[in-house]
Amino acid sequence: MSEPLVFQFDVDGNDFTSAGRASVQVKKLLRELGLPADVIRRVSIAMYEGEINMVIHANGGVAEVRVDERDITIILTDRGPGIPDVNLAMQEGYSTATRSIQSLGFGAGMGLPNMKRYTDEMRIDTEVGVGTTITMVIHLPQPQ
Amino acid sequence: MKLSTVKELLNAKVISGKEHLGRDVFSACGSDMMSDVLAYVKDQAVLLTGLVNSQVIRTAEMMDMVCVVMVRSKWPTEEMIDIAERADIVLMTTEYRMYEACGQLYSGGLIGEAVRRE
């Protein structure tokens with residue numbers, strides 16, 4: 001695996017029901033690559049939470065997953081409203097989601113903290129009125 | 001505990017995945033808030049929920065869960081059944097309410113490990 005593998009997905013912002021489809025595909029692709037189950041689970045959960053966020057808050061966007069020998073990198077880019085206060089958004093329990101989203105089982109203010117919990121590195125680049133890019137890195141176990 | 005025992009304890013009707021009832025499970029979790037489910041990692045889990053939408057099954061799939069039990073006789077959508085079948089997830093429905101369903105499984109021996117966060 002000398003060249004990184006790059007997968008790209010459009011995340012449809014108009015359909016809550018379809019949110020998570022890209023994560024399901026990524027999970028399948030990573031399984032085919034024979035990666036460890038716990039790594040696949042962490043990548044899937046982090047990306048799934050990100051995808052849900054893009055649908056709930058940002059009218060969709062683009063998800064890119066890069067796999068090389070050392071890391072899996074997930075880059076989620078949207079042209080949504082941006083996050084005015086990232087520190088506040090990172091607090092467990094803080095959410096700007098509506099009650100109707102909460103009735104669907106999300107919007108409890110756990111999305112971003114969960115993404116951070118399951119990844120080794122996470123960076124949020126955001127500008128109000130322009131959009132948000134979230135980059136998450138998960139290190140692959142290295143042969144001793 | 002085998003999923004067939006889960007089915008018996010809950011007097012549940014299996015909607016999809018009958019062929020997987022021989023699988024062993026060691027822990028379960030009951031919640032209508034999918035982000036809470038996603039915050040806790042357990043192995044081989046059963047998800048009990050009163051929520052009806054496709055994200056319930058996707059959440060289970062992301063967590064490598066093998067069974068979703070819908071409480072209070074809730075019935076899944078066609079899309080939920082379709083996703084569950086493709087992901088080899090056993091989908092069942094029980095008349096028990098959440099509290100009772102969890103109690104049945106716990107007292108039946110599905111105690112599981114202490115909650116741990118990754």
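Hydrogens, waters and symmetry mates play no part in the numbers below; they use all other heavy atoms, side chains included. In what follows, chains carry the letters A, B, and so on, assigned in the order in which the sequence lines appear, proteins first and then strands, with residues in each chain numbered from 1. It should be emphasised that the depicted structure is a prediction, and the values quoted were computed from it without experimental measurement.
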Subject >> Test item: Arg21(A) and Ile83(B) side chains (from C-beta on) under 4.5 Å apart, heavy atoms >> reply: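 In short, these two side chains do not touch, never coming nearer than 4.5 Å.
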
**OP:** Would you indicate whether the side-chain heavy atoms of Ser35(B) and Glu49(A) approach each other to under 4.5 Å?
**Re:**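 Answer yes - side chains close enough.
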
Original post:
Using non-hydrogen atoms only, which part of Phe106(A) is less than 4.5 Å away from chain B: side chain, backbone, both, or neither?
Top reply: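 The answer is both parts of Phe106(A).
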
Subject >> Segment of Ile40(A) engaging chain B (4.5 angstrom heavy-atom cut-off) >> reply: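 For Ile40(A), no heavy atom lies under 4.5 Å from chain B.
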
Tell me, yes or no, whether the heavy-atom count around [X] atom [atom1], taken from other residues, nucleotides or ligands under 6.0 Å, exceeds 12.
X         : atom1 : result
Glu19(B)  : CD    : yes
Glu100(B) : CD    : yes
Lys74(B)  : NZ    : yes

Cluster overlap [X] with [Y], hydrophobic side-chain contacts below 4.5 Å:
X        : Y         : value
Leu29(A) : Leu140(A) : yes
Leu5(A)  : Met136(A) : yes
Ile75(A) : Ile138(A) : no
Val6(A)  : Ile72(A)  : no
Met33(B) : Tyr40(B)  : no

**OP:** Flag the pair Arg31(A) and Asp64(B) as a salt bridge only when some basic side-chain nitrogen lies within less than 4.0 angstrom of an acidic carboxylate oxygen.
**Re:**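 A salt bridge links Arg31(A) with Asp64(B).
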
Which distance, rounded to the nearest 0.5 Å, do you find between the [atom1] of [X] and the [atom2] of [Y]?
X         : Y        : atom1 : atom2 : answer
Arg41(A)  : Met62(B) : CZ    : CE    : 12.0 Å
Arg58(B)  : Ser23(A) : CZ    : OG    : 9.0 Å
Ser103(A) : Leu51(B) : OG    : CG    : 8.0 Å
Glu61(B)  : Ile45(A) : CD    : CD1   : 12.0 Å

Original post:
Which of the residues Asn53(B), Thr49(B), Thr77(B), Leu38(B) is involved in the greatest number of heavy-atom pairs with chain A at under 4.5 angstrom?
Top reply: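 Among Asn53(B), Thr49(B), Thr77(B), Leu38(B), the one with the most close pairs to chain A is Leu38(B).
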
**OP:** State whether a side-chain donor-acceptor pair under 3.5 Å links Gln55(B) with Tyr48(A).
**Re:**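 Tyr48(A) and Gln55(B) do have a side-chain donor-acceptor pair below 3.5 Å.
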
Subject >> Heavy-atom proximity to chain A below 4.5 Å, by part of Thr59(B) >> reply: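 For Thr59(B), backbone and side chain are both near chain A.
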
Subject >> side-chain contact (heavy atoms from CB on, under 4.5 Å) evaluation trace for Leu104(A) with Met34(B) >> reply: CA-CA 8 Å; Leu104(A) 294 168; Met34(B) 294 303 109; over 6 Å; no

Original post:
Heavy atoms under 4.5 Å from chain B: which residues of residues 76-84 of chain A carry them?
Top reply: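 No residue falls under the 4.5 Å cut-off.
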
